[in-house]
Amino acid sequence: MQKHSDEALVAYLDGELDEVERRHVEAWLDADPAVRDRLEALSQSAALLREAYAEFHDAPVPETLIGAARGDGGAAGPGGQEAEIVLWQRPGRGGTSPRRG
Amino acid sequence: MSLRSKGAEAPEAAAERPIQRQDPASARFSEQLVAVLPRLRRFARGLARGAAEADDLVQAACERALARQHQFQEGTRFDSWMFRIVQTLWIDQLRAREVRKEDSDVSEERLGSDAPVRRIEARLALAEIRLAVERLPPEQRSVLMLVTVEGLSYKEAAAVAGVPVGTIMSRLARARIALHQQLAAGAGVRGSATNAEAQ
């Protein structure tokens, strides 16, 4: 990563720089208002980006997806469609027995 | 009537009734999966071309995850494991589309839907952002969603994407610059239109 670069600015915003790298970027920002503007622009577009997808996180999850996560409908389970394990109740037997589908 | 998935045999005897129960470990796994669904939906929405396609992707990811649940290592990050499954399925989808030469430029995103008038501008702006994201190359789109939206560290994102951290950094910087440029261009056009109206 180059010291004066968009990568450095982005990593700085993401808190991914070590202390030495961080101080270097801060000195660079102090020295150049154009770089400060660029940082601000990057920060703002990131905030807008998060806002643009917030509703997909905050909306109630549809029942179909919750069902899919719980393996409802028999579509999935350990081993998936290749080796479905389903418990059958057979009348007269009094218990359940596993059977590979 | 069979409750089984496609490809499974229907029960022969009507007297047999299937009881599908999860064992305790599977039930725990499923509840972990239910808990991350909001984040998976948000991530998928950034990859896919619309909300419906995104949810289809999440549904497929759930099925794959359940089928492979024994592969998940307790103590490792479950969300990263799931993001990886979503991403892999999506890449498979992209490749299949290319092979079938389907129109890959068609987005389900619609601008100016049925929102109340006073909120239309705000919703338009957010929809434009999503369209800008859709225009990014796939690998930039993915890293942008993983890091900037889902909050993964560079190291975690590198593990999900299966690339070095340096690659994450360069893709991410390119994605964020490209996004900013698209948004600035859009804002410039709208800004000048507004000024013209005001005069």
Side-chain angles (χ1 to χ4, degrees), chain A residues 1-2 5-11 13-16 38 41-62 64-93 96 99-101, chain B residues 3-9 11 15-23 26-27 30-31 33-34 37-39 41-42 44-46 51 54-55 58-59 62-70 125-127 129-130 133 144-145 147-149 153-154 166 169-170 172-174 176-177 179-180 183-184:
Chain A
M1 182 190 74
Q2 287 200 355
S5 63
D6 289 328
E7 277 183 34
L9 290 180
V10 170
L13 285 172
D14 289 340
E16 292 272 350
R38 196 160 177 82
L42 285 170
S43 175
Q44 279 182 18
S45 53
L48 284 171
L49 177 72
R50 285 185 279 266
E51 208 185 314
Y53 290 97
E55 64 181 272
F56 304 103
H57 174 272
D58 299 342
V61 179
T64 47
L65 283 185
I66 296 179
R70 291 187 176 141
D72 292 349
Q81 291 181 1
E82 304 99 42
E84 236 183 286
I85 296 179
V86 174
L87 299 177
W88 298 89
Q89 186 166 50
R90 294 176 193 240
R93 265 233 190 153
T96 55
R99 178 172 136 183
R100 282 188 166 260
Chain B
L3 299 176
R4 309 276 296 273
S5 65
K6 59 182 188 287
E9 290 174 7
E16 288 185 55
R17 288 178 300 108
I19 299 172
Q20 290 172 337
R21 273 199 306 271
Q22 287 183 314
D23 58 87
S26 291
S30 282
E31 290 316 303
L33 186 46
V34 169
L37 284 176
R39 295 185 68 203
R41 293 182 82 206
R42 181 174 57 191
R45 182 62 190 86
D55 278 353
V58 174
Q59 170 126 9
C62 286
E63 290 169 13
R64 178 168 288 193
L66 287 170
R68 296 181 180 180
Q69 58 185 281
H70 53 279
L126 296 183
I129 292 168
R130 291 192 291 268
V133 170
L144 187 65
M145 293 305 295
V147 175
T148 312
V149 179
S153 70
Y154 290 5
M169 293 181 73
S170 62
L172 183 62
R174 269 182 271 137
R176 286 185 64 163
I177 295 298
L179 180 72
H180 165 63
L183 298 185

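Residue numbers start from 1 in every chain, and the chains themselves are labelled A, B, ... in the order their sequence lines are given, proteins ahead of strands.
Atom NE2 of B/H180 is separated from atom CG of A/L48 by 11.0 Å, given to the nearest 0.5 angstrom. The line from CG of B/L144 to CG of A/L49 is 5.0 Å long, rounded to the nearest 0.5 Å. How far CG of A/L65 is from CG of B/D55: 4.5 Å, rounded to the nearest 0.5 Å. Residue A/E51 holds its CD atom at 7.0 Å from CD1 of B/I129, rounded to the nearest 0.5 Å.
Of all heavy-atom pairs between A/S45 and B/L183, the closest is CB-CD1, 4.0 Å. Of all heavy-atom pairs spanning A/D14 and B/L172, the tightest one is OD2-CD2, 3.4 Å. Nearest heavy-atom pair across B/S30 and A/A69 is OG-O, 2.7 Å. What you find for A/A11 and B/Y154 is that their closest heavy atoms are CA-OH, 3.2 Å. Summarising the geometry of A/A68 relative to B/L66, their closest heavy-atom pair is O-CD1, 3.2 Å, with the distance given to 0.1 Å.
Proximity to chain B (any heavy atom under 4.5 Å) is restricted, for A/E55, to the side chain, taken from C-beta onward. Both the backbone and the side chain of A/A59 come within contact range of chain B, with heavy atoms under 4.5 Å apart.
With sequence neighbours left out, B/E31 forms a side chain to side chain contact (heavy atoms under 4.5 Å, CB included) with A/R70, B/V34. Applying the side chain to side chain contact (heavy atoms under 4.5 Å, CB included) test to A/L42 and every residue at least two apart in sequence or in another chain returns A/L9, A/V10, A/L13, B/R176, B/I177.
The greatest number of non-hydrogen atom pairs below 4.5 Å with chain A, out of B/A27, B/A44, B/G46, is found for B/G46.
A/H57 pairs in a side-chain contact (heavy atoms from CB on, under 4.5 Å) with only one of the listed residues (B/R45, B/R39, B/R41), which is B/R39.
A donor-acceptor contact shorter than 3.5 Å is absent between the side chain of B/R42 and the backbone of A/A54.
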